[in-house]
Visitor: 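Below is a structure I'd like to ask you about.
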Amino acid sequence: MNVVIVGLSHKTAPVEIREKVAFSPTAMEQPLHTLVELPDVNEGVIVSTCNRVELYAVSRNPDAAEQQLRRFFSSWHELDPEELEKHLYAFQGEEAIRHVYRVSASLDSMVIGEPQILGQIKTAYGYATEFKTAGIILNRLLHKAFSVAKRVRNETEIASNAVSVSFAAVELARKIFDTLEDKTVLLIGAGEMCELAAKHFVTSGVPRVLVTNRTLERAEKLAEEFNGRAIPFETFPDQLDQADIVLTSTGAPDYILSRTQVDETLKRRRNRPMFFIDIAVPRDIDPAVNKLANVYLYDVDDLQGVVQANLKQRQKEAKKAEAIIDDEIGQFYKWLSELDIVPTIVALRKQFDEIRRQELEKTLSKNSAFGDTERKALEGLTNAIINKLLHAPIANLKRSQDDPVGDTYVDAVRALFELPEPGEDAEE
C-alpha cells in the first residue's frame, strides 16, 4: 500500500482556479464516497481550504491512483482537464507523507506557522471518519501528522509573533489609513477567520466593530465579545456606509456585494475611502468593485505580499521543524512498509504449517506402529524442513521493506501462494 496525494494550492493556482475546485464543507459525503469508489483508491480524505484543495488517498497501485485522482478533480467540477492539469501537483510514498506533515505543521502555508490549517485538516479528517472513507493507513497518518504539528510548535518558535491572513489584513489597513483609531470595521461572517480578524483590529486600535451573519444569533455572540453591534444579514448593504473597513469570509456560492451596491454606498459616504478584504473562496465581492475610485479591494492572494515582512524569523525556525519532520517520516514509513509484509509472513507460515500438519496426520494415521518417539521425530523433521524452505523468502521480504519495489515482493508472494489479502481490521 502507498499514500498518494494530488492537489493544488496558493503556490500553484490563483484564487480564480482554487474557488472552482473547492468542495463545500456542508456537502462532503458524496465526493468522499465517489473518491473511494475509484478503481485504485482504497481510502480517501478531501482537504479543502481557502489556500489549498488536496486529495489524500491510499492505493496498492499508486501510479494508476494518481491518474484517477487527477481526473476526479476535473470531472467532479466539470473543468477542462488540460487547463487544470498545469496547476496540479502530486506526491507518492515518502514524499506524500512528508507533504502531509509539512502542511499540518504549517510549513507549506501562505503564512508559515499559522494555526488555522491544523484545525482545517482535523475537520477534513472528521468528515472522512464520519463517512467511513479513511481506513487504517490514513487514520494512522493523520493522527501522526497532528502529533508532529504539536511537536513542531512545542520545540520551535515557528508560531511566535503571530501572523495570519487576518493579521495581514490589519497590516494592509494600516498602510491605507493614517490611523485605525477612528475607523469602523464590518465583519461579514462570524466564523473563525472573522473572529481572528476582529481580535487583530481591536488590538490595533479600532474602536467600533459591526458584525453580520446569516444566523443573527452567531453575529450577536461575536459582536458581544468585542463590545460591537450585530446587524441583520438582510439589511447590511443598507448600513454598509457606516464601515471604513469591510472584511468578508462567508461560504456563499455567489457574490454577496456587487459593484452597484458599493458605488451607492460611496455616494452615501461622500466618497470617503473604503477598504474591502475578501478572504472567502469562492470570493464574496465582485472584483469589478476595485475599479471604483476611493475603493481598495484585496483578496487572499493580494495579502501574500503583506505577510512576507513577518516571516523571516519563522523561516529560520522552519529549518528546525523540517528536521523534526525528517525524524518522524522514517518511523511512519517503516510502519507502512511493514503493514503488508508482517501479515504476509504470518499468512505464509500459517499456510505452510497447515500443509505440514495435514500431511503429517495422513502419514501417522496410516502407520499405527509409530510411537511417541517417532511422532516427535517426524514433528521436528517437518518443522525443520518448513523453516529451511521459508528462511530465504521471509528474509527477502523483510529486507524489501526498505526497497522502493517492496510492494512487488509482497504481491508476488501473495499471488504465488494464493494468500488472502490483509484484513482491514488488522491491528496497528
Side-chain angles (χ1 to χ4, degrees), residues 1-4 36 39-44 57-65 92-94 96-97 129 132-144 328-428:
M1 288 293 187
N2 220 325
V3 179
V4 183
V36 295
D40 290 285
V41 173
N42 298 86
E43 303 178 28
V58 172
S59 175
R60 189 174 290 280
N61 190 349
D63 290 335
Q92 295 183 20
E94 186 172 328
I97 298 166
T129 300
K132 298 179 172 57
T133 62
I136 183 173
I137 294 177
L138 287 183
N139 285 335
R140 175 88 171 225
L141 173 62
L142 291 172
H143 277 290
K144 190 62 178 176
E328 296 281 0
I329 285 175
Q331 299 178 35
F332 181 85
Y333 202 65
K334 183 175 185 295
W335 171 84
L336 182 60
S337 300
E338 293 175 346
L339 191 61
D340 281 348
I341 291 174
V342 172
T344 298
I345 291 173
V346 171
L348 188 62
R349 280 191 173 279
K350 181 180 179 181
Q351 186 178 91
F352 271 62
D353 192 57
E354 287 178 353
I355 294 172
R356 180 191 69 82
R357 288 179 179 277
Q358 290 172 5
E359 295 305 315
L360 182 59
E361 287 300 321
K362 287 181 183 178
T363 300
L364 292 176
S365 65
K366 294 177 182 178
N367 294 272
S368 57
F370 286 169
D372 288 343
T373 301
E374 290 80 8
R375 286 174 176 269
K376 289 179 181 178
L378 285 172
E379 185 84 26
L381 173 64
T382 53
N383 267 321
I385 292 173
I386 294 302
N387 288 337
K388 289 285 186 181
L389 288 172
L390 291 179
H391 176 73
I394 288 176
N396 285 321
L397 276 173
K398 289 180 177 179
R399 281 194 293 268
S400 74
Q401 69 186 35
D402 297 320
D403 193 314
V405 296
D407 281 351
T408 305
Y409 282 78
V410 172
D411 292 342
V413 169
R414 289 193 171 277
L416 285 170
F417 295 99
E418 297 183 345
L419 301 178
E421 289 295 318
E424 287 299 318
D425 59 344
E427 292 184 5
E428 295 185 13

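Excluded from the calculations below are hydrogen atoms, water molecules and symmetry mates; all remaining heavy atoms, backbone and side chain alike, are included.
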Visitor: Where do A96 and V3 come nearest, in terms of heavy atoms and distance?
Guide: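 It is CB-O, 3.6 Å.
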Visitor: I'd like to know whether K144 forms a side-chain contact (heavy atoms from CB on, under 4.5 Å) with L141, so could you lay out the CA-CA distance, the side-chain angles of the two residues, the decisive distance to 0.1 Å, and finally the verdict.
Guide: CA-CA 5 Å; K144 190 62 178 176; L141 173 62; 5.6 Å; no
Visitor: Assess the residue pair I97 and E328 against the criterion (side-chain contact (heavy atoms from CB on, under 4.5 Å)); give the C-alpha distance rounded to whole Å, side-chain angles, the decisive distance to 0.1 Å, and a yes or no.
Guide: CA-CA 10 Å; I97 298 166; E328 296 281 0; over 6 Å; no
Visitor: Return the CD1 to NZ distance between I355 and K350, rounded to the nearest 0.5 Å.
Guide: 12.5 Å
Visitor: For A347 and L419, which heavy atoms make the closest approach, and how far apart are they?
Guide: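 Of all heavy-atom pairs spanning A347 and L419, the closest is O-CD2, 3.9 Å.
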Visitor: Nearest 0.5 Å, please: how far is CG in N387 from OG1 in T382?
Guide: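 That separation rounds to 9.5 Å.
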Visitor: Quick one: salt bridge (Lys or Arg N to Asp or Glu O under 4.0 Å) pairs with a partner in residues 379-391, sequence neighbours left out?
Guide: R356-E379
Visitor: Distance from F352 atom CZ to L389 atom CG, nearest 0.5 Å?
Guide: 6.5 Å
Visitor: Any carboxylate oxygen within less than 4.0 angstrom of a Lys/Arg side-chain nitrogen, looking at D353 and R357?
Guide: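 R357 and D353: salt-bridged.
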Visitor: Would one find more than 12 heavy atoms of other residues, nucleotides or ligands at under 6.0 Å from atom CD of Q331?
Guide: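 Enclosed: over 12 neighbouring heavy atoms sit under 6.0 Å from CD of Q331.
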Visitor: Is any side-chain heavy atom of Q92 closer than 4.5 Å to one of D63?
Guide: yes
Visitor: Between atom CD1 of I386 and atom NE2 of H391, what is the distance when rounded to the nearest 0.5 Å?
Guide: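 Between atom CD1 of I386 and atom NE2 of H391 there are 15.0 Å.
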Visitor: Tell me if a side-chain donor or acceptor on E43 pairs with a main-chain N or O of V58 at a distance below 3.5 Å.
Guide: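 Pair absent, no side-chain N/O of E43 close to backbone of V58.
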Visitor: Looking only at heavy atoms, what is the nearest atom pair of Q351 and F417, with distance?
Guide: NE2-O, 2.9 Å
Visitor: Got I394 and R349 here, is their nearest side-chain heavy-atom distance under 4.5 Å?
Guide: yes
Visitor: Between L138 and A134, what is the shortest heavy-atom contact and its length?
Guide: CB-CB, 4.3 Å
Visitor: What's the spacing between R375 CZ and L364 CG if we round to 0.5 Å?
Guide: 4.5 Å
Visitor: Give the intermediate values and the outcome of side-chain contact (heavy atoms from CB on, under 4.5 Å) for residues I345 and L348.
Guide: CA-CA 5 Å; I345 291 173; L348 188 62; 5.7 Å; no
Visitor: What closest approach, in Å, do D40 and A65 show between heavy atoms, and which atom pair accounts for it?
Guide: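 In terms of heavy atoms, the two residues are closest at O-CB, 3.6 Å.
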